[in-house]
Amino acid sequence: MITTKTPSEIIKMRDAGAVVRDTLLMIEEYIKPGVTTKELDMKIEEFIRKAGAVPSFKNYNGFPASSCISIDEVVVHGIPSDRELKSGEIVSVDVGAILKGFHGDAARTFEVGEVDEDKRKLIEVTKQSFFEGIRQARDGRRLGDIGHAIQEYCESRGYGVVREMAGHGIGRHMHEDPIIPNYGVAGMGVPIKKGYTLAIEPMITLGNPAIRINRYDGWTCSTADGKPSAHYENTILITGDEPEILTL
Ligand code: MG
């Protein structure tokens with residue numbers, strides 16, 4: 001069931017979104033060679049709690065940290081650890097926070113030190129594909145319009161679109177209906193309505209989009225061919241006009 005948010009719920013969603021936005025702005029300055037992903041996660045948790053919110057990811061289905069930190073070929077769900085960032089890597093940071101009973105969810109991919117042109121362009125295309133997608137996120141359009149726009153933008157440029165992971169509705173729960181694939185057929189799928197709050201999150205690869213999940217930790221999702229991947233996500237509100245981005 002897809003929930004339509006009331007005006008008072010939307011105010012809470014804006015507040016939760018602002019915490020996530022500020023957390024990602026805060027963490028960017030710590031993304032440097034030599035920092036461990038666990039150190040980044042601790043800063044993220046501290047920042048979210050200081051804002052009076054709770055990290056959504058912590059203990060979600062047993063996830064052991066407050067953020068997902070995914071380096072290079074890791075697409076999503078990287079577990080923070082003692083692993084240090086190295087110059088030339090790209091790192092995706094995905095953060096969720098609950099405030100006053102509502103969630104915000106967003107992700108960015110950052111460059112560590114000096115990054116080559118291929119990775120830089122991958123980050124740029126991934127981010128731009130989000131904006132291409134949300135041009136379709138309007139009352140009266142369909143979910144297939146969003147997915148199609150993201151897929152078309154990326155695949156026409158030679159990038160891969162991960163199929164097994166998708167965006168989602170968000171609100172009182174981090175993951176609500178509907179599931180929002182980053183691919184699709186224009187004009188098909190669930191109709192989009194004013195008052196929906198959605199997390200749109202393209203996960204785009206430099207090579208083949210096939211993924212594999214680490215069988216030992218059950219979380220880490222990497223490209224099967226080992227090539228880099230980027231992630232860009234925001235929580236948005238469907239309005240009567242252009243969507244409002246709650247985490248930017
Ligand atoms: Mg999400």
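Start at 1 and go down the list; that is how both ligands and their atoms are numbered.
Looking at His168, its N, O or S atom nearest to the Mg ion (ligand 1) turns out to be NE2. Among heteroatoms of the N, O or S kind in Asp105, OD2 lies nearest the Mg ion (ligand 1).
A donor-acceptor pair is defined here as one N or O able to donate and one able to accept, closer than 3.5 Å; no such pair exists between the side chain of Thr235 and the backbone of Thr247.
Ring geometry for Phe131 versus Tyr232: interplanar angle of 30 to 60°, hence tilted.
The 12-atom threshold is not exceeded at CZ of Arg135, counting heavy atoms of other residues, nucleotides or ligands nearer than 6.0 Å. Other residues, nucleotides and ligands contribute over 12 non-hydrogen atoms within 6.0 Å of the CE atom of Met26.
Not a single N, O or S atom of His175, from either the backbone or the side chain, sits less than 2.8 Å from the Mg ion (ligand 1). When distances to the Mg ion (ligand 1) are checked against a cut-off of 2.8 Å, Asp94 contributes no N, O or S atom below that limit.
Side-chain contact of Asp41 with Ser67: a donor-acceptor pair under 3.5 Å is present, judged by distance alone.
Considering the Mg ion (ligand 1) as centre, the angle to OE2 of Glu233 and to OE2 of Glu201 is 90° (10° rounding).
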